[in-house]
Amino acid sequence: MKKVPQLNLKEAAALVKDGDTLLQGGFGMTGNPVHLMHALAETNTKNLTFIGNNVGEVGIGGGRLLRNGQIKKMIGSFFTSNPEAVKAAQDGVVEYELIPQGTLAEALRAGGAGIGGFYTPTAVGTPIAEGKETKVIDGVEQLFVKGIRGNVAFIRAWKADTAGNLVYRMTEQNFNRAMATAADLVIVEVEEIVPEGSIDPNEVHTPGCFVDYLVQATLTIEDLGSSASVGKGKKVSEDRLNMAKRALKELKKGDVVNLGIGIPTLVADFITPEAGIILHTENGMLGVGPEPEDGGGAMNYPVNAGKIPITALPGSSYFDSAESFAMIRGKHVDIAIMGGLEVDENANLANWAVPGQPLLGVGGAMDLASGAKRLIITMNHNNKDGSSKIVPTCKLPLTALNNVEMVITDLAVFKYIDKKLTLIELMPGATLEEVREKTEANFAEQLS
């Protein structure tokens, strides 16, 4: 059996050359090869094209390379989690390209499989699709995406044997599995290296043929950044709780449900084990449970898409980001509940970008908004300046076209009935006159 060479961190970092395209695994700081990234930050290597879901956090992981000026261009789905990355992009210091999270995962999988590219309905009709090739397949407009490969991949696994077979831990598969296949040189930072034969072949996630070098590095709580522990909960307004409770009424036993960040996350607080609802998180888990009662962090628990530590319910499963978004695009997620910035009369959604605001990330929003069987939006009825968020036509950059089924606000519940925006219910304390006055869009009424 092949023996994979073992290097120290300095030797591994020296294999990255000026101008290389570097793939970096991880979702936030979980499954992140932080020690390899920090070793690279100690070198003079520069002009790197960085590809990853996000550029670490401030001063951690890829964030350290960014701070050093070693990154020429960053390609990913969510840079917002690192304010320094947002500023560098907006100031023109670093080139950047935003790719929806599921599209990024699939592009890496295609690149690693020797496939030139693929078509996806994700992002059609949005700014991300501008100037790119589209094609109508079975009546659905789809966007062509080229496969992605890199010169070097830095990934992290929990266990490796000396033959290079890898095992990942909990939600740490994320982008690591696809990136292990998609680079000319794959260097794995691993918690533990064991003799060949010590890992049951049934438990291998990445076969050793993809791995070029192993580096042993021990994870510490400081390496986990914001996922190190569960923060104290903030006080939640009654209006937000009412929206979450109303959304819960749309869920039924056996539904696979994805909850977006913000108000949708509150729905989880009202789901009991008896309800039989299966929560999905796009970074690689089915069967999401509540936050750990002991306040523990990602050292001992999986994390959700908000990078918050969670527990795993009986019957849960873990997988990588490519498989997770295959579930979404393949219509295996029954309901997505998401936040919104605008929804219009044609069931279009805008929820990822406000021109002029320091937001630089699309994450999994476009995949979920176009891929889930049902899309429910929870949001405040009006902006802080009093303007309506339910409008005739979205003015903000679109997330998805014609896919919204229901909108739940602090004032009302709307549903698209026969493609017409229709008021079906008033929220506690709201009046019909108030809803009419505060809604810019035209709507029908079917109040019971």
For [X] versus [Y], what's the shortest heavy-atom pair and its separation?
{"X": "Lys73", "Y": "Val94", "result": "CA-CG1, 3.9 Å"}
{"X": "Thr43", "Y": "Ala13", "result": "CG2-CB, 4.1 Å"}
{"X": "Val362", "Y": "Pro100", "result": "CG1-CA, 3.7 Å"}
{"X": "Val124", "Y": "Leu401", "result": "O-CD1, 3.8 Å"}
{"X": "Thr281", "Y": "Ser324", "result": "O-OG, 3.7 Å"}

*Any chance the side chains of Asp367 and Gln101 put a donor and an acceptor closer than 3.5 Å?*
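No, no side-chain donor-acceptor contact under 3.5 Å.
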
*Answer yes when Arg67 and Glu84 have at least one side-chain N-carboxylate O distance shorter than 4.0 Å, and no when they do not.*
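So Arg67 pairs with Glu84 through a salt bridge.
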
*Using a strict cut-off of less than 4.0 Å between a Lys/Arg side-chain nitrogen and an Asp/Glu carboxylate oxygen, indicate whether Arg374 and Glu250 qualify as a salt bridge.*
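Between Glu250 and Arg374 there is a salt bridge, with a charged N closer than 4.0 Å to a carboxylate O.
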
With rounding to the nearest 0.5 angstrom, report the [atom1] to [atom2] distance, [X] to [Y].
{"X": "Asn165", "Y": "Glu196", "atom1": "CG", "atom2": "CD", "result": "9.0 Å"}
{"X": "Ile99", "Y": "Asn53", "atom1": "CD1", "atom2": "CG", "result": "11.0 Å"}
{"X": "Tyr119", "Y": "Gln142", "atom1": "OH", "atom2": "CD", "result": "9.5 Å"}
{"X": "Phe27", "Y": "Asn283", "atom1": "CZ", "atom2": "CG", "result": "4.5 Å"}
{"X": "Ile263", "Y": "Ser237", "atom1": "CD1", "atom2": "OG", "result": "7.5 Å"}
{"X": "Leu104", "Y": "Ile75", "atom1": "CG", "atom2": "CD1", "result": "9.0 Å"}

Check the surroundings of atom [atom1] in [X]: do more than 12 heavy atoms from other residues, nucleotides or ligands lie under 6.0 Å from it?
{"X": "Asn44", "atom1": "CG", "answer": "no"}
{"X": "Lys2", "atom1": "NZ", "answer": "yes"}
{"X": "Lys331", "atom1": "NZ", "answer": "yes"}
{"X": "Lys87", "atom1": "NZ", "answer": "no"}
{"X": "Asp385", "atom1": "CG", "answer": "yes"}

*Partner of Tyr168 under side-chain hydrogen bond (donor to acceptor under 3.5 Å, both in side chains), chosen from Asn174, Asp320, Thr206, Asn176*: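 Looking at Asn174, Asp320, Thr206, Asn176, the match for Tyr168 under the side-chain hydrogen bond (donor to acceptor under 3.5 Å, both in side chains) is Thr206.
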
*Got Phe50 and Leu66 here, is their nearest side-chain heavy-atom distance under 4.5 Å?*
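No, their side chains stay 4.5 Å or more apart.
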
*Are Phe319 and Leu286 side-chain neighbours, meaning at least one heavy-atom pair lies under 4.5 Å?*
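Yes; the side chains approach each other to less than 4.5 Å.
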
_Lys132 NZ/CZ over Phe144 ring centroid, <6.0 Å and within 45° of normal_ =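 No cation-pi geometry.
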
Please answer whether the main-chain N or O of [Y] pairs with a side-chain N or O of [X] as donor and acceptor at a distance below 3.5 Å.
{"X": "Asn351", "Y": "Gly339", "answer": "yes"}
{"X": "Asp20", "Y": "Leu22", "answer": "no"}
{"X": "Lys72", "Y": "Gly69", "answer": "no"}
{"X": "Asp161", "Y": "Ser198", "answer": "no"}
{"X": "Asn304", "Y": "Gly306", "answer": "yes"}
{"X": "Arg169", "Y": "Met299", "answer": "yes"}

*Among Gln24, Arg156, Glu172, side-chain contact (heavy atoms from CB on, under 4.5 Å) partner for Asn32*: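 For Asn32, the side-chain contact (heavy atoms from CB on, under 4.5 Å) check succeeds only for Gln24.
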
*According to the interplanar angle, ranging from 0 to 90°, do the rings of Tyr96 and Phe79 count as parallel (below 30°), tilted (30 to 60°) or perpendicular (above 60°)?*
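Plane angle over 60°, so perpendicular.
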
*Test Glu203 against Lys159 for salt bridge (charged side-chain N to carboxylate O under 4.0 Å, His left out), laying out the working first.*
CA-CA 11 Å; Glu203 297 177 357; Lys159 183 184 289 188; over 6 Å; no

*Take Asp344 and Lys395, measure what salt bridge (charged side-chain N to carboxylate O under 4.0 Å, His left out) needs, and give me the verdict at the end.*
CA-CA 9 Å; Asp344 69 18; Lys395 303 178 185 69; over 6 Å; no

*Decide side chain to side chain donor-acceptor pair (under 3.5 Å) for Glu57 and Ser226; before the verdict, give the C-alpha distance in whole Å, the side-chain angles of both, and the deciding distance to 0.1 Å.*
CA-CA 8 Å; Glu57 296 184 6; Ser226 61; 2.7 Å; yes

